[in-house]
Q: 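Dropping a structure here in structure tokens format, bear with me for questions.
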Amino acid sequence: MPIYEYKCDVCGHEFEELVLSSSAENPPCPECKSPDTAKMLSSFSSGASFDDPVPATPPGGGCGSSGFS
Ligand SMILES: [Zn+2]
């Protein structure tokens, strides 16, 4: 489930919001109720990605290179 982080432009409060659908509206700040919030670009939980390294490219050429004559 997509959870986005937002930061309030007014009081600087940072909060997470679960976004169920593609809503264009930013959620209001839970602290000061201001609608002036900005979505922060963050990748899921910070630090969690280090435990699960994704193989960038498969080794070798593969794809029919051995059968090429
Ligand atoms: Zn605020």
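Read the numbers this way: they start at 1 and go in the same order the structure lists the ligands and their atoms. In this text, all values refer to a predicted model and were calculated from it rather than measured experimentally.
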Q: Is there a donor-acceptor contact under 3.5 Å from the side chain of T37 to the main chain of P27?
A: yes
Q: Contact between P30 and H13 at the side-chain level, heavy atoms closer than 4.5 Å - yes or no?
A: yes
Q: Measure the CD-CD distance between E31 and E14 for me, rounded to the nearest 0.5 Å.
A: 12.0 Å
Q: What protein atoms of element N, O or S are positioned under 2.8 Å from the Zn ion (ligand 1)?
A: C8 SG, C11 SG, C29 SG, C32 SG
Q: Could you go through the side chain to side chain contact (heavy atoms under 4.5 Å, CB included) check for K39 and Y4 one step at a time?
A: CA-CA 7 Å; K39 182 188 295 182; Y4 294 107; 4.0 Å; yes
Q: Kindly write out the residues that satisfy side-chain contact (heavy atoms from CB on, under 4.5 Å) with P28, not counting sequence neighbours, or none if the list is empty.
A: none
Q: Pair C11, S34 - check side chain to side chain contact (heavy atoms under 4.5 Å, CB included), show working.
A: CA-CA 9 Å; C11 71; S34 170; over 6 Å; no
